[in-house]
Amino acid sequence: MPELPEVETTRRGISPHVIGHRIERVIIRQRNLRWPISRRLQQSLPGQTVCCVGRRGKYLLLTTAAGTAILHLGMSGSLRIIDAATPAATHEHVDIVLDNGRCLRFKDPRRFGALLWTTRSPAAHWLLSELGPEPLSTGFTGECLYAQSRGRRLAIKSFLMDSKIVAGVGNIYANEALFLAGIHPQRAAGRVSRDRYERLAQAVRAVLRASIREGGTTLRDFINGEGKPGYFRQLLNVYGKTGDPCPHCGQPIRERRIGQRSSFFCPTCQH
DNA sequence: AGAGGTACCTGGCAGC
DNA sequence: TGCTGCCAGGTACCTC
């Protein structure tokens with residue numbers, strides 16, 4: 001489900017309900033996510049006040065004076081703020097109960113998500129320490145893409161989805177950004193010019209910003225902190241559009257598997 | 001070192 | 001209607 005815009009939408013949605021509130025308790029119905037939720041987290045969070053809800057790539061960071069909860073939504077995860085008394089439905093694995101009678105409820109049918117605890121700087125955590133630049137920060141440039149791609153033969157789409165290269169770009173937005181930049185997804189990363197990488201960096205920024213503005217993309221079940229879907233799906237150019245006319249030239253959009261992921265492109269506009 | 005494949009898990013859908 | 005196989009927004013880890 002969630003790529004950077006969906007995680008950012010979630011962050012913005014939950015922040016006002018969580019920041020400044022004390023955590024009363026943590027209810028865990030299913031401990032076995034991608035990694036088991038630690039007893040340490042369950043013991044450490046109660047009594048703490050959330051001072052900040054941050055994001056790094058697709059990771060959400062709930063910061064307290066005692067440490068930081070690192071949360072990843074995996075493929076199917078969502079978070080919402082609801083009344084703490086609401087009975088839990090299936091796959092609603094964790095409640096972080098707040099002092100205002102509400103709770104942050106984590107649902108994740110496929111359990112590819114994660115909830116970890118660190119007492120150190122989250123940036124030093126092994127999950128985050130290798131991440132590339134934030135795509136909406138000034139550290140993300142066409143030049144850095146160009147420099148890291150020299151000599152690499154893998155498909156540029158797989159390169160763009162590598163979190164060590166840039167954080168938070170998943171399958172939907174990699175497809176969309178490559179379309180906007182006019183680059184064929186299967187082109188070898190090392191055979192794209194500096195100028196075209198500059199266009200690609202701009203396209204990544206543009207598509208992520210536009211999606212955040214629309215509250216993210218809901219394909220099936222993404223909801224924000226208020227339980228509402230995102231509307232960027234209506235603005236997708238190529239993702240999931242096999243056979244539809246290209247918005248630029250009218251040629252049918254093609255689909256191909258690249259790196260085990262469905263990829264969509266216009267055979268005329270992208271090369 | 002880089003590239004590619006596998007595994008984790010559940011649910012929805014197409015096709016028979 | 002019910003079964004089977006395939007697909008899905010991610011990413012760590014394995015092998016070649």
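Just so you know, these numbers come straight off a predicted model, no measurement behind them. Every chain is numbered from 1, with letters handed out A, B, ... down the list of sequences.
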B/S/- along nucleotides 11-16 of chain C (protein heavy atoms under 4.0 Å) is BS----
Distance-only donor-acceptor hits, side chain of residues 112-127 of chain A, under 3.5 Å, sequence neighbours excluded:
unit_1: A:Thr118; atom_1: OG1; unit_2: A:Arg120; atom_2: N; d: 3.2
unit_1: A:Ser121; atom_1: OG; unit_2: A:Ala123; atom_2: N; d: 3.4
unit_1: A:His125; atom_1: ND1; unit_2: A:Leu127; atom_2: N; d: 3.1

### Query
P atom, B:dT6 versus C:dC6: distance in rounded Å?
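It comes out at 13 Å once rounded to the nearest Å.
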Rounding to an integer number of angstrom, what distance separates C:dC7 and B:dG5 when you compare their P atoms? 14 Å
- Would you tell me if any nitrogen or oxygen in the side chain of A:Arg257 comes within less than 4.0 Å of OP1 or OP2 on C:dA8?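 Affirmative; the distance criterion is met.
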I want to verify a distance call: between C:dC7, C:dG10, B:dG2, whose nearest atom is closest to the A:Asn171 side chain?
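From the listed options, C:dG10 comes nearest.
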Rounding to an integer number of Å, can you tell me how far [X] [atom1] sits from [N] [atom2]?
{"X": "A:Ile165", "N": "B:dA3", "atom1": "CD1", "atom2": "C1'", "value": "13 Å"}
{"X": "A:Phe159", "N": "B:dA3", "atom1": "CZ", "atom2": "C1'", "value": "14 Å"}
{"X": "A:Leu73", "N": "B:dC8", "atom1": "CG", "atom2": "P", "value": "22 Å"}
{"X": "A:Phe232", "N": "C:dG9", "atom1": "CZ", "atom2": "P", "value": "16 Å"}
{"X": "A:Glu255", "N": "C:dC6", "atom1": "CD", "atom2": "P", "value": "16 Å"}
{"X": "A:Ile172", "N": "C:dG10", "atom1": "CD1", "atom2": "P", "value": "7 Å"}
{"X": "A:Met75", "N": "C:dC7", "atom1": "CE", "atom2": "C1'", "value": "9 Å"}
{"X": "A:Glu6", "N": "C:dG9", "atom1": "CD", "atom2": "P", "value": "12 Å"}

Original post:
Under the 3.5 angstrom rule, does the side chain of A:Ser149 hit a backbone N or O of A:Tyr146 as a donor-acceptor pair?
Top reply: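 Checked: pair present.
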Q. Side chains of A:Ser78 and A:Leu73: does their closest heavy-atom pair fall under 4.5 Å?
A. no
Could you check whether any side-chain heavy atom of A:Leu200 comes within less than 4.5 Å of a side-chain heavy atom of A:Val192, counting everything from C-beta outward?
no
Taking Watson-Crick and G-U wobble contacts under 3.5 angstrom, with | marking pairs to another strand and [ ] crossing pairs, the secondary structure of DNA chain C is written .|||||||.|||||||
Using side chain to side chain donor-acceptor pair (under 3.5 Å) as the criterion, list what pairs up with [X], not counting sequence neighbours.
{"X": "A:Asp244", "result": "none"}
{"X": "A:Asp95", "result": "A:Arg29, A:Arg105"}
{"X": "A:Arg31", "result": "A:Gln42"}
{"X": "A:Arg12", "result": "A:Glu8"}

>> Tell me whether the ring of A:Phe112 lies stacked over the B:dC9 base, given a 5.5 Å limit on centroids and a 30° limit on the plane angle.
In response: no
Open item on the list: Strictly by ring-ring contact (aromatic ring centres under 6.0 Å, His included), give each pair with a member in residues 247-267 of chain A just once, sequence neighbours left out.
Closed with: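 For residues 247-267 of chain A, and leaving out neighbouring residues, the ring-ring contact (aromatic ring centres under 6.0 Å, His included) pairs sorted by first residue read A:Phe179-A:His248, A:His184-A:Phe265, A:Tyr239-A:Phe264.
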- request: Would you indicate what A:Leu154 reaches in the nucleic acid, counting non-hydrogen atoms under 4.0 angstrom: base, sugar-phosphate, or nothing?
  value: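 It contacts sugar-phosphate atoms only.
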Just distance, no hydrogens or angles: give the donor-acceptor pairs under 3.5 Å from side chains in residues 155-170 of chain A, sequence neighbours left out.
unit_1: A:Lys157; atom_1: NZ; unit_2: A:Asn171; atom_2: OD1; d: 2.7
unit_1: A:Lys157; atom_1: NZ; unit_2: A:Ser263; atom_2: OG; d: 2.9
unit_1: A:Asp162; atom_1: OD1; unit_2: A:Lys164; atom_2: N; d: 2.9

By salt bridge (charged side-chain N to carboxylate O under 4.0 Å, His left out), A:Glu255 pairs with (sequence neighbours left out) none
Using a 3.5 Å cut-off and no angle test, enumerate the donor-acceptor pairs between side-chain atoms of residues 204-212 of chain A and protein atoms at least two apart in sequence or in another chain.
unit_1: A:Arg205; atom_1: NH1; unit_2: A:Phe140; atom_2: O; d: 3.0
unit_1: A:Ser211; atom_1: OG; unit_2: A:Tyr173; atom_2: OH; d: 2.6

Within the sub-3.5 Å range, which N or O atoms of nucleotides 10-13 of chain B have a protein N or O partner, and how far apart are they?
unit_1: B:dT10; atom_1: OP1; unit_2: A:Arg111; atom_2: NH2; d: 2.6
unit_1: B:dT10; atom_1: O4'; unit_2: A:Pro109; atom_2: O; d: 3.4
unit_1: B:dT10; atom_1: O3'; unit_2: A:His91; atom_2: NE2; d: 3.1
unit_1: B:dG11; atom_1: OP1; unit_2: A:His91; atom_2: NE2; d: 2.7

